[in-house]
There are 2 protein chains.
Amino acid sequence: MGKCEQCIIREFNSLKSLTKQELTRISGCKVSKTIKKGEVLFKEGEHINGVYCIRDGICKVSKMSDNGRDQIINLIKKGDIIGERSLVNNEASNLKAIAVNDVQVCFIPKEEILNGLQNNIDFSMDMLKSMANSLKNADNVIVDMAQKTVKQRLAATLLFLHNKFKSNEDGYLDILLTREDIANIIGTATESAIRLLSEFNKKGYIKLKGKQVVVTNPTELQQIAQGF
Amino acid sequence: MGKCEQCIIREFNSLKSLTKQELTRISGCKVSKTIKKGEVLFKEGEHINGVYCIRDGICKVSKMSDNGRDQIINLIKKGDIIGERSLVNNEASNLKAIAVNDVQVCFIPKEEILNGLQNNIDFSMDMLKSMANSLKNADNVIVDMAQKTVKQRLAATLLFLHNKFKSNEDGYLDILLTREDIANIIGTATESAIRLLSEFNKKGYIKLKGKQVVVTNPTELQQIAQGF
DNA sequence: CGATTGCTTGACCCCCATCAATCCTCGTGG
DNA sequence: CCACGAGGATTGATGGGGGTCAAGCAATCG
């Protein structure tokens with residue numbers, strides 16, 4: 001496999017602050033994996049003992065609720081790192097990660113990351129910033145979940161997907177989620193999500209081409225998401 | 001005011017990892033404040049330029065949603081620190097903090113904390129752990145908000161308050177929240193919260209003595225929170 | 001080419017947001 | 001000391017949002 005020192009992906013995450021030396025060390029012990037669509041990267045309760053750096057593809061990160069439904073907490077893609085949290089507080093993962101499409105990841109053992117955190121201030125500051133940002137984001141999600149209607153949340157989610165995953169100028173996404181996935185992001189029943197998607201489609205805010213969802217009127221969706 | 005080196009409060013948070021020297025420096029430039037019940041510690045959009053260490057009392061930390069309702073994100077008490085996030089990523093606060101009862105805080109300037117993060121690995125690791133923990137917590141809240149009914153969330157919230165704020169053996173809380181506050185934690189209308197509180201009261205899971213809410217049957221509330 | 005999985009729509013009903021009226025409680029000023 | 005006003009607590013009535021069950025259809029796969 002390639003060498004971390006030459007990997008562009010790390011520019012997108014905290015690993016960019018590591019030194020050449022550190023990267024070389026990591027390069028020597030990292031493990032590259034391919035996870036096929038639908039397969040599990042790690043599951044709840046598992047001890048990950050390291051972090052995953054996503055080189056390509058998309059994973060849905062979810063957590064099982066008491067009522068037995070999977071709530072999707074996050075979608076991670078190329079350049080994202082996952083597993084730092086369990087690593088830092090030395091606990092088993094409380095989340096599950098499943099490949100939405102074929103995914104290539106590099107696994108970096110715990111010791112290497114801890115070593116970096118202990119000896120490289122820039123790296124640990126980057127990690128802190130990244131977590132601080134995730135926390136801010138989580139707060140926003142909590143407020144939305146608590147206060148917004150399902151319709152508002154769907155509009156917000158479509159915009160989120162549009163902004164994070166749109167590939168080319170025609171607005172198609174790099175990601176293909178099932179209706180159930182979308183419902184599990186919003187936190188609603190699949191049928192409710194479907195009905196609202198159909199409504200948005202009729203009104204021309206989005207286009208449904210098979211399973212593809214294309215946002216055609218972001219402005220209007222923004223309005224809806226904010227409650228108008 | 002007292003000296004940080006001798007302050008017991010810091011044992012409850014990341015500041016415990018600071019050296020005697022660092023604490024002495026901080027002691028010299030910290031500012032102690034008293035915030036009266038209902039007053040604002042800081043508000044959304046404000047540049048805090050430091051962190052607050054709660055010495056006594058309770059603050060509700062909230063965020064305004066698009067529809068104009070305040071969502072309470074967190075309740076912080078003696079020993080908690082707030083403001084690290086905005087400090088780390090150098091942004092204005094996205095949250096508001098209001099004193100629930102009279103609160104005593106120490107304000108520690110940004111530079112001191114940054115200095116600690118730069119030079120004291122133990123301190124920054126503690127901060128990382130603290131944030132990792134908050135993130136795990138936030139994930140749980142997101143799942144609950146997305147998947148649970150208002151009744152379940154109320155039961156869970158009552159248990160949370162019971163565990164975090166119960167003072168003496170008779171189950172009374174150190175905290176006195178209005179019905180509106182409780183509703184704003186759950187993310188529901190005040191009337192809905194009131195109705196359910198009344199229902200729990202009739203069934204004997206809690207006791208309502210004036211504004212005081214006392215949990216009398218945690219086991220049953222646990223069952224409800226999990227959906228039975 | 002069955003069979004499984006995902007998508008869609010209809011029907012039903014309960015939860016909960018909202019509006020409204022009343023009661024309670026406490027702090028303030030006369 | 002009491003009246004009174006304001007904010008909080010409570011209860012009722014009502015309507016819509018959204019969860020759930022069920023049936024039919026489309027698409028994908030071994």
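Letters A, B, ... are given to chains in the order of the sequence lines, protein chains preceding strands, and every chain is numbered from 1. Quick caveat, the model's predicted, so the values are computed rather than measured.
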Quick one: do B/K77 and B/D56 make a salt bridge, cutoff under 4.0 Å? no
Between B/K36 and B/N101, a side-chain donor and acceptor under 3.5 Å: no
Sidechain N-carboxylate O distance under 4.0 Å for B/E199, B/K203: yes
B/N140 and A/K63: side-chain donor and acceptor closer than 3.5 Å? yes
Is a donor from one side chain sitting under 3.5 angstrom from an acceptor on the other, for A/N89 and B/K136? no
Less than 3.5 Å apart, any donor N or O on the side chain of B/T178 or B/D181 sitting next to an acceptor on the other? yes
Using heavy atoms to find the nearest nucleotide of DNA chain C for A/T178 and B/K211 separately, return the residue whose nucleotide is more 5′. A/T178
I need the CG-C1' distance between A/L208 and C/dG6, as an integer number of Å. 14 Å
How would nucleotides 17-25 of chain D be written as a contact map, 5' to 3', with B for base contact, S for sugar-phosphate-only contact and - for no contact, using protein heavy atoms under 4.0 Å? -SBBB----
Close residues, residues 198-206 of chain B, relative to DNA chain C [heavy-atom separation under 4.0 Å]: none
Atom CZ of B/R179 and atom P of C/dT25 are separated, to the nearest Å, by 12 Å
Using whole Å, report how far CG of B/N184 lies from P of C/dC16. 16 Å
Rounded off to whole Å, could you give me the NZ-to-P distance for the A/K209 and C/dC7 pair? 18 Å
Nearest-angstrom distance from the residue atom CD1 of B/I186 to C1' of C/dC15: 14 Å
Within a strict 4.5 Å, meaning less than it, do heavy atoms of the A/L221 and A/I206 side chains meet? yes
Using 4.0 Å as the upper bound for N to carboxylate O, is an ion pair formed by A/D70 and A/K60? no
For the pair made of CD1 in B/I194 and P in C/dC19, what is the distance, rounded to whole Å? 16 Å
